[in-house]
**Q** 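Here it is, the structure in full.
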Amino acid sequence: MNLSRVAAALAGAGAPSYRLDQIRRAAFSEAASSFEDIAVLPADLRKSLSAGVAFMSHALERLRVSDDGRARKALLKLSDGKVVETVLLRPSVSRWTTCISSQVGCAIGCTFCATGLMGLSRNLTPEEITDQVLFWRQYMRRESLPGRLDNVVYMGMGEPFACYDEVAESLRSLMDQKSFGIGARHISVSTSGLVPGIERFADDFPQVNLALSLHSADDALRTKLVPVNKAYPLARLSKALRDFVAKTNRKVFLEYVLLRGENDCASDAEKLVDFVKASGPVELLHVNLIIFNQTDTPHQATPEENARQFQSRLLSAGIHATVRQNLGRDIQGACGQLIAHG
Ligand code: SAH
Ligand code: SF4
């Protein structure tokens with residue numbers, strides 16, 4: 001929903017300004033799905049708004065629910081016909097989280113990621129980004145799912161710092177008390193390591209969580225896996241992290257997808273320990289080990305047992321580390337599996 005377009009349509013229809021507040025409340029807090037849904041509006045205004053302005057920037061093309069019911073993935077069609085995927089997760093009984101996309105595709109080209117394989121088509125607009133959250137709130141209301149959706153992670157398709165301005169505007173709107181009202185600490189943005197973005201983010205959104213997709217603490221290997229490492233190698237990343245935690249005093253999550261025989265042996269763990277220790281106080285750097293979700297690439301997952309061993313190596317060196325639970329694999333809705341093919 002684009003509120004300035006709605007405001008212009010209201011002005012055009014000669015409606016009083018409090019109508020905008022009514023629409024805002026109905027859309028964001030009560031999860032109305034259309035202007036027709038907003039009973040407090042007079043019928044003729046509902047009709048003229050429906051004819052003149054789109055309530056949502058995309059339409060649902062396909063929805064899948066995982067067997068355990070804890071993950072749902074929606075394929076949304078944008079107004080130019082392009083499609084993006086967004087995921088609704090239920091990590092625990094009372095918690096709902098959405099994983100949203102910031103671009104159609106991605107230009108970074110990480111070798112293990114399904115989105116990376118498709119290349120970049122375009123950035124999403126701020127409205128297209130936040131409408132994914134609105135979509136899930138509407139869905140939860142329609143399906144009478146209990147609880148509230150107020151955790152958002154920018155870990156869907158795309159590199160958020162490659163479209164910094166659009167992402168920044170979407171964050172402001174998610175945090176706006178008059179619209180989504182989601183707390184900064186309930187939002188996480190994940191980057192493959194675009195240093196200028198990390199620097200701006202520290203100044204603009206010190207309360208929002210930052211995740212860095214590291215995947216290797218060896219420059220040659222990281223450049224292979226995450227090609228943007230060539231432009232922003234580990235020494236620059238490490239400095240950016242030090243500056244970030246010094247400025248914000250916030251914990252940063254380091255994402256590390258374990259790839260069998262590539263980045264999961266004892267020496268990889270040692271390099272990771274050194275990198276973490278050089279990048280800030282260890283209590284502010286948390287390593288999230290991710291079990292690789294199979295994509296159409298030659299990579300293979302590290303078996304769970306070896307992942308636990310890798311984790312123990314980090315823990316015994318005093319590094320905080322967890323192994324991330326994977327939801328939504330059966331619907332290709334887990335990390336790195338989003339490719340917009342339904
Ligand atoms: N572009 C951003 C955010 C989207 S990717 C980034 O790279 O950080 C979200 C997370 O999923 C990243 O940590 C990414 O490295 C990880 N990921 C990508 N492909 C994966 C796969 N096949 N299995 C598990 N995690 C994957
Ligand atoms: Fe892009 Fe992130 Fe996938 Fe890398 S992991 S290709 S940065 S979406």
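Side-chain atoms are counted along with the backbone in the values below, which use heavy atoms only and exclude waters and symmetry mates. Every number for a ligand or one of its atoms is a count from 1 in the order of the listing.
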**Q** When rounded to the nearest 0.5 angstrom, what distance separates OG in Ser102 from CD in Gln132?
**A**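 Interatomic distance, Ser102 OG to Gln132 CD, rounded to 0.5 Å: 8.5 Å.
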**Q** Given Cys106, Cys113, Gly158, which has its nearest heavy atom closest to atom 1 (N) of ligand 1?
**A**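 Looking at heavy atoms only, the winner is Gly158.
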**Q** Specify whether Phe201 and Tyr164 have parallel, tilted or perpendicular ring planes, treating 30° as the upper limit for parallel and 60° as the lower limit for perpendicular.
**A**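 Judged by the thresholds at 30° and 60°, the geometry between Phe201 and Tyr164 is perpendicular.
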**Q** For Asp296, look at atom CG and say whether over 12 heavy atoms of other residues, nucleotides or ligands are found less than 6.0 Å away.
**A**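 12 or below, so no.
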**Q** Give the contacting part of Cys110 toward ligand 2: side chain, backbone, both or neither, where contact means a heavy-atom distance below 4.0 Å.
**A**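 Both the backbone and the side chain of Cys110 come within reach of ligand 2.
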**Q** Out of all atoms in ligand 1, which are within 4.0 Å of some heavy atom of Gly156? Include the element for each.
**A**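 So the answer, numbered in order with elements, is 4 (C).
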**Q** Should Gly116 be listed as contacting ligand 1, given a heavy-atom distance under 4.0 Å as the test?
**A**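 Contact check Gly116 vs ligand 1: negative.
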**Q** Does ligand 1 have an atom that lies less than 4.0 angstrom from a heavy atom of His299?
**A**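 The answer is no: ligand 1 sits nowhere under 4.0 Å from a heavy atom of His299.
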**Q** Measure Ile290 to ligand 1 on non-hydrogen atoms and call it side chain, backbone, both or neither using the 4.0 Å cut-off.
**A**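 Near ligand 1, Ile290 shows its side chain, while the N, CA, C and O stay back.
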**Q** Nearest 0.5 Å, what's the SG-CZ distance between Cys265 and Arg313?
**A**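 With rounding to 0.5 Å, SG (Cys265) is 8.0 Å from CZ (Arg313).
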**Q** Supply the atom-to-atom distance Gln311 CD to Arg308 CZ, rounded to the nearest 0.5 angstrom.
**A**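 Here the rounded value is 5.0 Å.
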**Q** Counting backbone and side chain alike, does Cys106 bring an N/O/S atom below 2.8 Å of atom 1 (Fe) of ligand 2?
**A**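 A backbone or side-chain N, O or S atom of Cys106 is under 2.8 Å from atom 1 (Fe) of ligand 2.
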**Q** When rounded to the nearest 0.5 angstrom, what is the spacing between NZ in Lys224 and CG in Asn263?
**A**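 CG of Asn263 is found 10.5 Å from NZ of Lys224.
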**Q** Quick one: look at Ile108 and ligand 1, take heavy-atom pairs under 4.0 Å, and tell me if it's side chain, backbone, both or neither.
**A**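 It is neither; nothing of Ile108 touches ligand 1.
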**Q** Less than 4.0 angstrom from a charged side-chain N to a carboxylate O is my criterion; do Arg24 and Asp21 meet it?
**A**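 Yes, charged N to carboxylate O under 4.0 Å.
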**Q** Can you tell me how far the CZ atom of Arg142 sits from the CZ atom of Arg137, to the nearest 0.5 Å?
**A**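 Answer for the CZ-CZ pair, Arg142 versus Arg137, is 14.5 Å.
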**Q** Before signing off on this row, confirm whether Ala114 and ligand 1 have an N or O atom pair separated by under 3.5 Å.
**A**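 No - when backbone and side-chain N and O of Ala114 are compared with those of ligand 1, no distance drops under 3.5 Å.
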**Q** Heavy-atom distances under 4.0 Å decide this one: backbone, side chain, both or neither, for Glu159 against ligand 1?
**A**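 Both parts.
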**Q** Provide the full list of ring-ring contact (aromatic ring centres under 6.0 Å, His included) pairs with a residue in residues 274-297, sequence neighbours left out, each pair given once.
**A**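 Qualifying pairs, neighbours excluded: Phe253-His286.
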**Q** Which of the atoms of ligand 1 are close to Glu255, meaning less than 4.0 Å from one of its heavy atoms?
**A**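 Per the distance check, 13 (O).
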**Q** Report yes or no: does a heavy atom of Ser213 sit under 4.0 Å from some atom of ligand 2?
**A**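 In this structure, Ser213 fails to qualify as a contact of ligand 2 - no heavy atom is under 4.0 Å.
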**Q** Number the atoms of ligand 2 from 1 as they appear, then name those within less than 4.0 Å of a heavy atom of Gly158, with their elements.
**A**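 Every atom of ligand 2 under 4.0 Å from some heavy atom of Gly158: 8 (S).
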**Q** Thr295 heavy atoms, cut-off 4.0 Å: which ligand 1 atoms fall inside?
**A**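 Answer, ordered by atom number: 22 (N).
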